[in-house]
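The sequence lines fix the lettering, A, B, ..., with proteins before strands; numbering per chain opens at 1. On a predicted model such as this, the values are computed, not experimentally measured, just so you know.
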Amino acid sequence: MISVRQQENLENIIRLSNVSLAYSADSANVLENIDLSLNKKEFVCVLGPSGCGKSTLLKIIAGFIFPSQGTAQFGTKAIAGPDWQRGVVFQQPPLYPWLNVAENIRFGLKMRHFSKKQSEDLITDYLEKVGLLAFRNHKPYELSGGMKQRVAIARTLINNPLVLLMDEPFGALDALTREQMQAMLRKIWLELNNTILFITHDVDEALSLGTRVLVMAKGPGRIIREYKTSFTYSAAQENTESIYHCDDFLHMRGEILHLIRSAV
Amino acid sequence: MISVRQQENLENIIRLSNVSLAYSADSANVLENIDLSLNKKEFVCVLGPSGCGKSTLLKIIAGFIFPSQGTAQFGTKAIAGPDWQRGVVFQQPPLYPWLNVAENIRFGLKMRHFSKKQSEDLITDYLEKVGLLAFRNHKPYELSGGMKQRVAIARTLINNPLVLLMDEPFGALDALTREQMQAMLRKIWLELNNTILFITHDVDEALSLGTRVLVMAKGPGRIIREYKTSFTYSAAQENTESIYHCDDFLHMRGEILHLIRSAV
Amino acid sequence: MADSQVKIKRNFPCKPKIWLTTEHLITLSTVAVIFISWYAATEWKLFSEVIIPPPGKVYKTFIDILSEGYKGAALSTHLFDSIERLLAAFVFVCLTAVPAGLLSGYNSKIRAVLEPLVGFYRPLPPLAYYTMLVIWMGIGNSSKIMLLYLAGFAPVYLACISGVMKIKRDYISGAYTLGANKYQVFVYVVLPACLPDLFTGLRTALGFSYTTLVAAEMVAAETGIGWMVLDASKFLLSDVIFVGIFIMGITGIMLDVLLKFMENKIIPWKGKE
Amino acid sequence: MADSQVKIKRNFPCKPKIWLTTEHLITLSTVAVIFISWYAATEWKLFSEVIIPPPGKVYKTFIDILSEGYKGAALSTHLFDSIERLLAAFVFVCLTAVPAGLLSGYNSKIRAVLEPLVGFYRPLPPLAYYTMLVIWMGIGNSSKIMLLYLAGFAPVYLACISGVMKIKRDYISGAYTLGANKYQVFVYVVLPACLPDLFTGLRTALGFSYTTLVAAEMVAAETGIGWMVLDASKFLLSDVIFVGIFIMGITGIMLDVLLKFMENKIIPWKGKE
Amino acid sequence: GCGNNQAAKNDTANETPESITIGLQAIPNDELVAKQWYEKELGVKVNFKQFDSGRDVNTAMTAGSIDIAILGSTPAAIGIAKGIPYEVFWIHDVEGDNEALAVKNSAGVNSIKDLKGKKIAVPSGSTTHYSLLNALKLEGINQGDVRILDMQPPEIFAAWQRGDIDAAYVWQPTLGKLLNDGKLLVTSRELAQKGIVTADVGIVRTEFAQKCPDIVKKYVQLQEKAFKLYSDKSDEAAQSVASELKIDQAESLKEMKELLWLSGKDQLTEQYLGTSSKKGDFVKTLKDTADFLVEQKAIDSVPEIAVFEKAVNPAFIEAATK
Ligand SMILES: Nc1ncnc2c1ncn2[C@@H]1O[C@H](COP(=O)(O)OP(=O)(O)OP(=O)(O)O)[C@@H](O)[C@H]1O
Ligand SMILES: Nc1ncnc2c1ncn2[C@@H]1O[C@H](COP(=O)(O)OP(=O)(O)OP(=O)(O)O)[C@@H](O)[C@H]1O
Ligand SMILES: NCCS(=O)(=O)O
Ligand SMILES: [Mg+2]
Ligand SMILES: [Mg+2]
């Protein structure tokens, strides 16, 4: 099964060529010489020290900002702005305070003219997936930090975009909820075949979810190493906890941690 | 040395007795029957599922909200509002956008009438501690998520409050930066003897930092288990990584994870 | 046993409303102090009656006008006519200034057309161009409503622009990534996100239009509270002027409270983001 | 080799300023269209000259007034006198309404005293109480400045209150936990956090005061742009009225641009939180 | 109203419009006495519009919002000079003791000559403005020797009370209030005797006059009727004015008597409007007024006398008294 997916992957869906970015003309480059392709159905995790430019990279792919140099493409077209086929889960979730939890989650479907009935079932489904069924009618400002993050995740996932860009989506979740969310995301990805770019600061998380792990360094931000992984398939089948103890995993984990430590 | 500290600890500095909290008269209790004492020089970590009321508990101790029932005391007095002796690191850091990084960090010292000269050295010191020396004159909106969090940490630590209340302070930090921050906090705590209440969703972090770990459950939020720990002393002396592999640690970690999983 | 149960005072972070707070008492005292000073000043004859009429006389005049009207029209007619002009203008403001302002905030080309025009007429005193309005639109209600409309347009328009400018960028980018098109972003994000500023603008506009009422009723009106005050001032009937001023002040406050009330109903999230 | 180097167009998320944008061109066209319609309307004599004087005549009158003055005073004197009154009022507004508004937002007791008073007088038309002001303060500059001051006070006061109300709670609690006392929170947090709203208030107030200029110069003025327009309207000198209106509109825009410029200098973080 | 509807242009001279609009001012003269009869006797619906001063009447005339109105001779001269299409067809009253120059007792002024260096308030562009400037000129006082302040009557009273001004040329009822601590220096009646005539005149929109001459004629007849009532039963006339102005009858009679009332016959004499074939002195009064305003730099230019000749139209009085 693994090899089948690998073959399908050959087609690029996102392609950054020689991208550099500076926030203003008189400041240094935040990203430099980034060459990155996301293949279809890949799950790419990005690791890197705080401030190395992970969010910046994601914003370029999302179409919020444009490379100062180089090109960014989605499919065969240059990225000209945001698009629902590139769904984004923000580092700080911008939920709409005038909508309640269910309405926030419904937002994308409404924009895309789903009928109310079609949406209702989907919403209930996703509310359950993120464990917030009981908070359906709450307003965002009545939620805890982790609950907000989960609403934001549901809001983007329900849209089922071709590409999912997620910026530390599980950052504010406790160990248990986090595992549940990881499992959910993995399942969705396996079923729906989205392409995912996933920023995290947790090496375990990156290894247990990604098919590819990128490690970035800072000053200026660049990709220093790439790992192909497949622990996520084992995790999907067996107990997740078990992969954490397998040697391959521990080895790669050690290598990455070492890399991050030494890169500074 | 450990026993010495234990003895000093006998004095309560924060005491919650039978505290319940509901956000409004017609909603259910978010916290119920909380009895919690923080002894002087303790480092208490709080774990618990997303939405169980960790932040709410911290807000009560900080003096931002008041118990609906029961009493909250700081020393011998009821908590009547915020106070610099109970320093707070927020889950979402409210840095002042009109001040640059150094000015944000200087804020507390300025309020407390430290001379400019006294402050300058301290600020440089703390900027170095959180790894942001180069960003001294940046504005908060020019920082990445993790950098903002570190500014907020420095801003509170520089004040050296009696009690430190920290709400997932390292949530947005990558593995390396996180370790550095943990080491820094541990060092400060050992040197300055603050009392710390530390909310986290990372069990490893809780065990490697705390002298006591509280586990909360939700519906309504309550403390279901307490662990005394002392891994932090070993971590301070030896390599931090080493404690993660010691049996005691793994055992307690497993127990807590199990507890969190089964509590739902 | 029932009587051993202790009632515990409960606190809630979101306090329930209390009807008579210390603040209300302070407000009442302030008003009382003003009335007493007024009474004292006239009682001791610090000013001539023509300058400041005693409260008693103003009250009597109020009752008289209430029962007999002023110059051929009942008080209610005067009030109603003024409010009608105000509201007509206000409705037009809502229908035009809100979309114009939001669109101007949203689209820099539209702003390039409208903002300079508004910027130009905004500081113009109504009295400076009222003559022109009367010449163009006649002396009927339309020139009066137009004047009130112009007074109200600018604050709402500018508030909307500034509201749009203040929207968090992530709210808008978020909507695009969820599949909204420009039009949907406008309706489903820009509009609700601007509501707090919109209401501030509407309240400013209402107060501002009210302020223009006398000017609007200066030419060839026969009814209206503004006209009544102006007419009374020609005959130095200071008691009538005072009655008119009180009515305008109090109805002004009432309209404002009404808007505030609507604001609280419509924007419960204000200040909680 | 030097000529093999390729110049690459670089983009930055924060774009550098371009001096003549499409928007500027649109604005210029709008203005041009208005002038051309004006010219055409008068050329084809759609309206009598009293109603709309032709641009040429207005320009001529402007030059005349510029060289000879209007009714015994140079144009610069008229303009200067008006601006002086405006600025005096504006300075008093800054000195009083800003602290009053911020304190009212911060302390509910202070608000309980001041807000109802402001709420009451705010909708009152200046023309309704101007006679009272003249009675109390005479016909000199002080009653004129007072009228402009009252016009400007309310917008700034209300903007400050609403600014304080909108401050993120965490900004304030954060300051307390860092050791600030009530006074320090006010100076170091409330004040800077309100600056954006404060400036909006100041700009509204300036426009609003300007709007009251003619009313203020209605009584016993011998100079002032407002007086000039009013006097001209008594003698149906529509060309002078137009000159006056243009001067007011353009100086109004200039003052507003000045405030906007200051705002951008003082609050670089606006909209970036 | 008549002639308001451009589309319904019709050559027949005597249309009966659906309604007409009459502009009033609060002046205790024949207009207010006659007001009670208009609706019934003009045979059309009548809308009344109340104006504060001749200045607003001119504005409304320019807009074509009113058909017939009353205003002072000064604003009338301005309007004609500016080419507003209306004609003077009636003189409601000649200003007498109701408009006067009052001086505050404490100012220590006993004659107009003493006014040098003093502050004098007057509503700009009104009849009294013209009267004041002429009164000063007659005494050889330069405009620069005094300070003339433009104020409306209510503010004049307020400023007077405070002692901000020394003198004022105003009309009733403010004038009466000022005299409580002031005295008269000169009245418009005295000035009229020296040829400085100011008056309140009836004007009609030219287009309306051409289309509906009958209504204008009837209107003139009603003024005559009011004049008669005033001469024969002054109490009754005073009563109707009193109820219009909301003052008591004695007060209204007193104020009415301060005005000089003219019958239609009086107006057809040389001294006033004259006849259609030979226009009277009032043409010159209007022209003089306008000339004077130019001299004072109040307005920029004055047309030929012929324009004023054309704007004075006694034909309706002639028709009415036939
Ligand atoms: N709006 C901005 N203006 C100027 N500089 C910025 C801006 N946003 C980010 N930066 C700078 O760009 C660099 C990278 O920021 P970015 O947010 O991409 O980091 P990150 O890798 O996402 O970090 P973290 O893990 O802490 O979220 C940082 O040095 C930051 O100071
Ligand atoms: N302002 C509020 N109004 C109403 N309910 C609230 C409010 N803030 C929090 N709650 C509710 O209180 C509960 C506890 O929230 P709290 O923020 O304390 O959780 P937490 O343990 O910090 O969670 P997390 O780990 O996700 O930050 C949640 O169910 C939340 O919905
Ligand atoms: N008494 C006449 C007043 S006015 O028409 O000249 O303003
Ligand atoms: Mg980031
Ligand atoms: Mg929390």
Heavy-atom proximity to chain B below 4.5 Å, by part of E179(A):
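Interface part for E179(A): side chain.
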Where on E142(A) is there a heavy atom nearer than 4.5 Å to chain B: the side chain, the backbone, both, or neither?
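It is neither, since no heavy atom gets under 4.5 Å.
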Considering the options E168(B), M216(B), H201(B), which one meets the side chain to side chain contact (heavy atoms under 4.5 Å, CB included) requirement together with D174(A)?
H201(B)
M147(A) to S50(B) - nearest heavy-atom pair and separation:
N-OG, 3.5 Å
What are the two closest non-hydrogen atoms of A175(A) and V203(B), and how far apart are they?
CB-CG2, 4.4 Å
Is it the case that over 12 heavy atoms from other parts of the model lie below 6.0 angstrom from the CD atom of E226(B)?
yes
Under 4.5 Å from any heavy atom of chain A - which part of S144(B):
side chain
Chain A interface, residue from [options] that has the most non-hydrogen pairs under 4.5 Å:
options: L143(B), L173(B), T177(B), L132(B); value: L173(B)
options: G53(B), A172(B), G48(B); value: A172(B)
options: S55(B), G146(B), A134(B), C52(B); value: G146(B)

Output the distance between atom CG (L259(A)) and atom CG (L176(B)), rounded to the nearest 0.5 Å.
11.0 Å
